2 protein chains.
Amino acid sequence: MEKYCKFESALDILIGKWKPVILLQLITNGTMRFGELQKSIPEINKKMLTQQLRELEYNDIVHREVYHQIPPKVEYSISEYGRGLSSVLQVLNDWGVSHIEHMKGRNEA
Amino acid sequence: MEKYCKFESALDILIGKWKPVILLQLITNGTMRFGELQKSIPEINKKMLTQQLRELEYNDIVHREVYHQIPPKVEYSISEYGRGLSSVLQVLNDWGVSHIEHMKGRNEA
DNA sequence: CGGAATCCACTCTGATACTG
DNA sequence: CAGTATCAGAGTGGATTCCG
């Protein structure tokens, strides 16, 4: 029975306050530098951005490309493997949208 | 652009240490009493079980049926609306399973 | 039986300052 | 530029006790 209950492991990868936004940015914009990501998500700070990116990188969702130069340059992008997530995110997104509608309907009643 | 980023709201509903297990129990077993749920998830305590059930109930995923009698009896089940989640969970589950394989492959390399 | 209330522990997030 | 280090606060989880 345990074998059928692996959606927790999928959730783990998406959990984290900023991961959804980061993924959205990278999916829509393609490759982005650290600073670009930071600018596109003004409320985040460097520590959190780094942390969440590292977790996504660890799970092979995001690719990190380092250019060894001064000043440093690091580019992030969705990895080849990570693209497989988009269909999952799409399903989640669709359900999320309809759920918002559903809850709105309940509050009005 | 914001309109396309609603999978966070879907995630919110699934997030919580015990929600996945609770949902799995209710999906596979149908209607269950509070005590039954507790027995089926031995590591959980009443507070957490109550709390997570309330959140699921708030989002209309789980239905709570109270029988006013002594001793009390309360039954939980996946709501009609909540059943719409199963396809989402299925997608997450499938991806989760394949992701575990993916990560295993990477560690061996 | 099915909770509610309380209190403690731990994790996650965030503000700030420093660095190669 | 792209981080790391440190520390403080908020949020989440858990053990225990009490109640109708």
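Here is the naming used below: chain letters follow the sequence lines, and residue numbers restart at 1 for every chain. The figures that follow rest on heavy atoms only: side chains count, while hydrogens, waters and symmetry mates do not. In this text the structure is predicted, and so the values were computed from the model without any measurement.
When distances are taken from the side chain of A/R54 to each of C/dG3, D/dT4, D/dA2, the shortest belongs to D/dT4. If you check D/dG13, C/dG2, C/dT13 against the side chain of B/F34, the one that comes closest is C/dG2. The nucleotide whose nearest atom lies closest to any side-chain atom of A/K73 is, among D/dG13, D/dA2, C/dT13, D/dA2.
Taking atom CD1 of A/I22 as the reference point, atom P of D/dA2 lies 14 Å away to the nearest angstrom. For B/L49 and D/dT12, the CG to C1' distance is 16 Å, given to the nearest whole Å. Atom-to-atom, CD1 of B/I15 to P of D/dG13 comes out at 10 Å; the value is rounded to the nearest Å. The distance from atom NE2 of A/H68 to atom P of D/dG3 is 11 Å, rounded to the nearest whole Å. At whole-Å resolution of the value, NZ in B/K19 and P in D/dT12 are 9 Å apart. Look at OH on A/Y67: it is 14 Å from C1' on D/dC1, rounded to the nearest Å. In this structure, B/K17 atom NZ and D/dG11 atom C1' are separated by 15 Å, rounded to whole Å. Look at CG on A/L37: it is 12 Å from C1' on D/dA2, rounded to the nearest Å.
Residues A/Q51 and B/P71 each lie close to DNA chain C; by heavy-atom proximity, the contact nearer the 5' end of the strand is made by B/P71. Summary of the strand contacts: A/Q38 and B/G16 both lie near DNA chain D, and taking for each the nucleotide with the nearest heavy atom, the more 5' one is attributed to A/Q38.
Applying the side-chain hydrogen bond (donor to acceptor under 3.5 Å, both in side chains) test to A/E55 and every residue at least two apart in sequence or in another chain returns A/K19.
A salt bridge does not link B/E36 to B/K39: none of the charged side-chain nitrogens sits closer than 4.0 Å to a carboxylate oxygen.
Residue B/Y76 places no side-chain N or O under 4.0 Å from the OP1 or OP2 atom of C/dC1. Put simply, A/W18 has a side-chain N or O that comes within less than 4.0 Å of OP1 or OP2 on C/dG14. Taking side-chain N and O atoms only, A/R33 has no distance below 4.0 Å to OP1 or OP2 of D/dG3. A sub-4.0 Å separation between OP1 or OP2 of D/dG3 and a side-chain N or O of A/R64 is present.
A distance-only check finds a donor-acceptor pair linking the side chain of A/N93 to the backbone of B/K6 [under 3.5 Å]. A donor-acceptor pair under 3.5 Å is absent between the side-chain atoms of A/S77 and the main chain of A/G30, judged by distance alone.
A donor and an acceptor atom, one from each side chain of A/E57 and A/Y76, are nowhere located under 3.5 Å apart. Judged purely by distance below 3.5 Å, without hydrogens or angles, the side chains of B/H63 and B/E65 pair a donor atom with an acceptor atom.
Non-hydrogen atoms lying under 4.0 Å from DNA chain C are contributed by B/K46, B/K47, all within residues 40-47 of chain B.
Residue contacts for B/Q52: at a heavy-atom cut-off of 4.0 Å it reaches the sugar-phosphate backbone alone, with no base atom in range.
Following chains of ILVMFWY side-chain contacts shorter than 4.5 Å, one cannot reach B/I70 starting from B/V74, and the two form parts of different hydrophobic clusters.
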